[in-house]
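Each remark here refers to the structure printed beneath this line.
Nothing here was measured: the structure is a model prediction, and the numbers come from that model. Letters A, B, ... mirror the listed sequences (proteins, then strands); counts begin at 1.
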Amino acid sequence: MGKTLVEKIWDAHVVKRAEGFPDILYIDTHLIHEVTSPQAFDGLRKRGLPVFRPNQTVATADHNVPTLDQHLPIKEELSRYQVDMLTKNTSEFGIELYGLGHPYQGIVHVIGPELGITLPGKTMVCGDSHTSTHGAFGAIAFGIGTSQVEQVFATQCLLQSKPKTMKIEVNGELQKGVGAKDIILYVISKTTAAGGTGYFVEFAGSAIRSLSMEGRMTVCNMSIEMGARGGLIAPDETTFEYIKGREFAPKGEKWEEALAYWKTLYSDEDAEFDAVLTFDAADIQPMITYGTNPGMGIGVKQFIPTTATQPESEQPSYQKALDYMGFADGEQVLGKPVDYVFIGSCTNSRIEDLRQVAAFVSGKQKAEGVEVWIVPGSKQVEAQAKAEGIDKVFEAAGFQLREPGCSACLGMNEDKIPAGKYCVSTSNRNFEGRQGPNARTMLVSPLTAAAAAITGKVVDVRELI
Amino acid sequence: MKKFEKLTSSVVPLPIENIDTDQIIPARFLKATTREGFGDNLFRDWRYDSNNQPKADFVLNDPKFSGQILVAGKNFGCGSSREHAAWAIDDYGFKVVVSSFFADIFKGNALNNGVLPITVSEEFLEKIFAQVFADNNAQLVVDLEAQTLTIAATGESFEFEINPYKKSCLINGYDDIDFILSHKAEIENFEQTRPFSFYR
Ligand code: SF4
């Protein structure tokens with residue numbers, strides 16, 4: 001019997017497999033950031049161990065950094081201390097750091113791909129659940145906890161049980177105004193936020209194939225929001241084209257060697273998945289979430305499902321979510337006023353996202369009373385946006401272009417949405433308080449976010465393009 | 001890691017589904033660089049109002065309920081990979097979390113910190129909640145060796161699953177790094193033979 005893509009990559013990285021034990025899985029690349037690494041470095045010190053393969057680890061500061069005046073010392077004391085600790089730890093243990101001020105700094109899941117560190121066939125981990133993003137290249141990439149960060153530091157390996165595999169096919173053509181973010185919000189609305197638990201998901205089908213690398217990253221990024229361990233997409237010409245020539249991508253003979261290997265990375269015809277789901281791209285509308293987990297999403301013109309239609313045991317949690325959001329059973333989200341628009345996060349802060357937003361808002365003005373934050377995913381994205389004059393478009397529209405970081409995606413720095421306010425956001429989580437205590441988040445695509453910024457309310461972007 | 005022994009305790013019930021790690025420990029408390037002290041902010045925004053006053057209606061502020069076992073609704077621990085969630089639960093004093101479903105990363109993080117996540121059936125979860133709401137001091141008995149969770153008053157028992165390797169780690173108080181390091185020669189060997197010379 002053939003192998004799935006996940007099995008091919010997984011099996012190629014098993015150092016040791018023994019009955020009754022999880023596999024010892026070799027990790028090619030380890031990405032770290034300031035929030036989930038300090039306790040792991042501490043652990044190493046306590047054990048008297050070095051970092052086993054420091055060259056295979058790359059660090060950046062992203063979660064906790066301010067997005068204004070990054071050239072100045074960080075004002076908030078605890079944040080500054082945490083970022084300083086990263087500098088100290090990486091230099092002590094010999095790890096490359098793209099910290100604040102470095103031209104490669106940015107959100108960890110944005111910089112890996114853009115630097116050519118993320119490559120097909122790799123195993124990659126990071127102390128961050130959205131590590132699944134890198135799966136877009138046909139890599140096995142997943143988030144780990146701090147104890148595991150310490151494990152990878154100490155051994156370049158992880159103890160992991162082989163996951164089950166799921167294939168999600170999306171076939172057909174997308175409607176105009178519908179993009180990668182809508183695909184994944186749609187899929188999660190069908191599977192629920194726990195529907196992928198225990199699985200590694202391979203996304204396939206013509207609608208997925210037709211996506212750019214950036215779109216594929218958006219899809220894989222949010223595979224964790226259906227509970228999956230990770231998501232991935234078999235590499236193809238689009239992938240190779242994207243990687244070629246990037247800073248750390250293989251070059252010359254190594255490129256040829258790599259390419260030959262990467263072309264073997266697909267699920268065999270006769271490979272068996274533990275589960276298969278199929279969707280029709282034509283069914284997907286611009287999506288928006290109305291609740292407090294990413295599975296609570298609907299087409300922008302649909303009505304919020306009533307509590308009575310939910311399984312009985314889930315009704316109290318469902319009602320609690322609607323109360324938190326200030327929404328009622330059966331009403332439409334369409335037309336609701338918006339206070340904040342956040343375009344950023346590792347889901348949608350790449351240059352293509354910014355270009356798409358700029359193309360839409362060019363010559364338009366933001367609605368009065370709406371605060372619009374655009375937070376590029378990295379220094380390189382920021383520089384590119386400026387080189388293309390996108391910054392001017394945003395300025396003219398009344399949007400605020402900030403400096404790179406996670407920002408209002410998790411509200412760890414100053415970028416918080418005030419209590420009770422509605423934020424239309426291109427990030428990936430709408431949990432209670434995610435963007436600030438009592439902030440109300442509605443997850444959408446960059447286009448839908450741009451349309452909300454211009455009109456001041458939730459609208460169907462298809463009618464504006 | 002500390003060893004896990006048999007545990008008999010009363011229960012803190014939290015019958016809410018999809019409790020995510022942002023509820024367990026909000027991001028603004030992740031600025032610490034040590035593992036200690038997160039228990040104070042466990043379920044912070046459910047536990048305290050915006051003036052830092054305890055909310056009387058939240059179960060951790062309800063003197064009727066206490067114990068080392070947290071029992072929660074389906075899909076506990078979804079969301080981010082922050083191990084701080086497991087640290088907060090451990091630091092607050094919970095040794096066991098019972099639910100009918102756990103998110104993957106949380107489950108792994110809990111096990112790596114000596115906190116035992118026990119997955120029970122929906123029916124058994126309902127039974128526990130019913131018992132605890134009828135008698136706030138109802139005791140549960142966790143026997144890791146036998147892999148059973150028992151409602152003391154009724155004797156009803158649930159046999160739970162756990163990876164045998166993880167079980168032995170908990171019982172003996174050792175961790176993954178000790179285990180992997182004992183295979184260091186094999187790792188170095190693997191590195192020599194792995195075909196991907198183009199990966200740095
Ligand atoms: S942007 Fe948001 S989801 Fe992505 S790594 Fe940062 S905090 Fe996590």
Side-chain angles (χ1 to χ4, degrees), chain A residues 15-16 20-22 24 26 28-29 35-36 38-39 42 47 55-56 64 78-79 81-82 85 119 121-122 127-129 143-148 150-151 154-157 159 161 193-194 197-198 227 229 248 250 254 257-258 261 293 313-314 317 320 410-412 419 429 431-434 437, chain B residues 15-18 20-23 26-28 30-35 44-46 50 73-75 78-87 101-106 108-109 112-113 122 126 163-166 175-177 179-181 183-184 186-187 189-191 194-200:
Chain A
V15 172
K16 188 177 175 72
F21 292 91
I24 298 182
Y26 192 80
D28 293 313
T29 300
V35 177
T36 55
Q39 292 88 349
D42 252 4
R47 290 173 203 259
N55 287 339
Q56 285 166 246
N64 208 352
L78 286 174
S79 302
Y81 185 71
Q82 202 173 49
M85 281 296 277
L119 298 172
K122 268 190 174 181
D128 186 283
S129 52
I144 56 177
T146 298
S147 295
Q148 293 170 307
E150 189 181 334
Q151 250 178 68
T155 69
Q156 202 58 37
C157 289
L159 268 187
S161 302
T197 305
R229 247 355 228 118
F248 297 107
K254 292 216 160 169
E257 188 197 346
Y261 172 58
N293 75 58
S313 69
E314 292 170 23
S317 308
K320 183 170 182 285
L410 88 165
M412 204 174 160
R429 287 191 172 138
F431 298 151
E432 277 185 35
R434 171 79 179 183
Chain B
I16 300 173
E17 303 191 341
N18 298 313
D20 58 74
T21 49
D22 277 84
Q23 307 319 314
R28 58 190 192 280
L30 306 188
K31 298 182 197 236
T33 50
T34 65
R35 292 179 189 234
R44 180 76 201 194
D45 293 337
W46 287 350
S50 48
K74 186 165 80 181
N75 199 22
C78 58
S80 91
S81 60
R82 62 187 70 155
E83 195 158 319
H84 312 69
W87 298 337
F101 199 96
F102 286 95
D104 275 339
I105 303 183
F106 175 81
N109 285 341
N112 283 336
N113 287 280
E122 297 275 350
E126 286 307 316
N163 176 292
Y165 164 75
K166 277 293 168 194
D175 69 17
D176 291 353
I177 295 184
F179 178 81
I180 306 179
L181 278 178
H183 293 85
K184 198 165 166 191
E186 282 155 289
I187 298 169
N189 225 358
F190 175 88
E191 287 180 322
R194 85 181 169 134
F196 332 113
S197 63
F198 41 86
Y199 293 156
R200 68 167 213 166

* **Gap separating the NZ atom of Lys74(B) from the CD atom of Glu314(A), nearest 0.5 angstrom** => 4.0 Å
* Asked: Contact part of Ser129(A) toward chain B, heavy-atom cut-off under 4.5 Å: side chain, backbone, both or neither?
  -> both
* Structure fact -> Comparing Gly108(B), Ser80(B), Ala103(B) against chain A, the one with the most heavy-atom pairs below 4.5 Å turns out to be Ser80(B)
* Grab the two heavy atoms, one from Leu30(B) and one from Gln82(A), that are nearest each other, plus how far apart they are. => O-NE2, 2.8 Å
* Flag the one option from Asn293(A), Ile144(A), Thr29(A) with the top tally of heavy-atom pairs under 4.5 Å to chain B. => Ile144(A)
* Can you measure from CD (Glu17(B)) to OG (Ser313(A)) and round to the nearest 0.5 angstrom? => 4.5 Å
* Structure fact -> In terms of heavy-atom contacts, Phe431(A) and Asp22(B) come closest through CD1-OD1, 3.4 Å
* If you look at every heavy atom in Ala27(B) and Leu410(A), which pair is closest and at what distance? -> CB-O, 3.4 Å
* Structure fact -> Honestly, the part of Pro250(A) sitting under 4.5 Å from a heavy atom of chain B is side chain
* To do: Please state whether the side chain, the backbone, both or neither of Asn163(B) comes within less than 4.5 Å of a heavy atom of chain A.
  => side chain
* Side chain from CB out, backbone as N, CA, C, O: work out which of these in Asp42(A) comes under 4.5 Å of a heavy atom of chain B, or both, or neither. => side chain
* Asked: Can a donor-acceptor pair be found between the side chains of Ser147(A) and Glu83(B) at a distance below 3.5 Å?
  -> yes
* Structure fact -> Counting heavy-atom pairs under 4.5 angstrom with chain B, the leader among Ala419(A), Ala154(A), Gly411(A), Ala194(A) is Ala194(A)
* Asked: So what's closer than 4.5 Å to chain B heavy atoms on Arg429(A): side chain, backbone, both or neither?
  -> side chain
* Asked: Between Lys184(B) and chain A, which part of the residue has a heavy atom less than 4.5 Å away: side chain, backbone, both or neither?
  -> side chain
* **Step-by-step side chain to side chain contact (heavy atoms under 4.5 Å, CB included) determination, Arg82(B) to Val35(A)** => CA-CA 9 Å; Arg82(B) 62 187 70 155; Val35(A) 177; over 6 Å; no
* **Parallel, tilted or perpendicular: ring planes of Tyr199(B) versus Tyr261(A), cut at 30 and 60 degrees** => perpendicular
* Closest heavy-atom pair and its distance - Gly20(A), Pro164(B) -> O-CG, 3.9 Å
* Residue, of Ala258(A), Gly198(A), Ser161(A), that accumulates the most heavy atom pairs under 4.5 Å with chain B -> Ala258(A)
* Measure the spacing between CG of Asp176(B) and CG of Leu159(A) and express it to the nearest 0.5 Å. => 4.5 Å
* Asked: Between Trp87(B) and Thr146(A), does a side chain to side chain contact (heavy atoms under 4.5 Å, CB included) hold up when you go through it step by step?
  -> CA-CA 10 Å; Trp87(B) 298 337; Thr146(A) 298; 3.7 Å; yes
* So, does Gln39(A) use its side chain to make a donor-acceptor pair with the main chain of Thr34(B) at under 3.5 Å? -> yes
* Asked: Got a sec: does the OH of Tyr165(B) have more than 12 other heavy atoms crowding it under 6.0 Å?
  -> yes
* Relative to chain A, which of Asp45(B), Asp175(B), Asn113(B) shows the most heavy atom pairs under 4.5 Å? -> Asp175(B)
* Examine the side chains of Glu432(A) and Trp46(B) and answer whether a donor and an acceptor come within less than 3.5 Å of each other. => yes
* Structure fact -> Rounding to 0.5 Å, atoms NZ (Lys166(B)) and CZ (Phe21(A)) come to a distance of 11.5 Å
* How many angstroms lie between OH in Tyr26(A) and CD in Glu191(B), if you round to the nearest 0.5 Å? -> 3.5 Å
* To do: Check whether Asn112(B) gets within reach of chain A through its side chain, its backbone, both or neither, counting any heavy atom under 4.5 Å.
  => both
* Counting only heavy atoms closer than 4.5 Å, note whether Met412(A) contacts chain B via side chain, backbone, both or neither. => both
* Asked: SG/Cys157(A) to CG/Leu181(B) distance, rounded to the nearest 0.5 angstrom?
  -> 9.5 Å
* Option that, when pairs with chain B are counted at under 4.5 Å, heavy atom only, ranks first among Gly433(A), Ala193(A), Ser79(A) -> Ser79(A)
* Please determine, among Lys122(A), Gln56(A), Gln148(A), the option with the most heavy-atom pairs under 4.5 Å with chain B. => Lys122(A)
* Go through Lys16(A) and Phe190(B) one step at a time and tell me if the side chain to side chain contact (heavy atoms under 4.5 Å, CB included) criterion holds. => CA-CA 9 Å; Lys16(A) 188 177 175 72; Phe190(B) 175 88; over 6 Å; no
* To do: Select one option (side chain, backbone, both, neither) describing which atoms of Phe101(B) are under 4.5 Å from chain A's heavy atoms.
  => side chain
* Asked: Sub-3.5 Å donor-acceptor pair from the side chain of Glu186(B) to the main-chain atoms of Ile24(A), do we have one?
  -> no
* Asked: Which answer fits Asn189(B), side chain, backbone, both or neither, if we ask what part of it has an atom under 4.5 Å from a heavy atom of chain A?
  -> neither
* Asked: What are the two closest non-hydrogen atoms of Pro38(A) and Ala32(B), and how far apart are they?
  -> CG-O, 4.4 Å
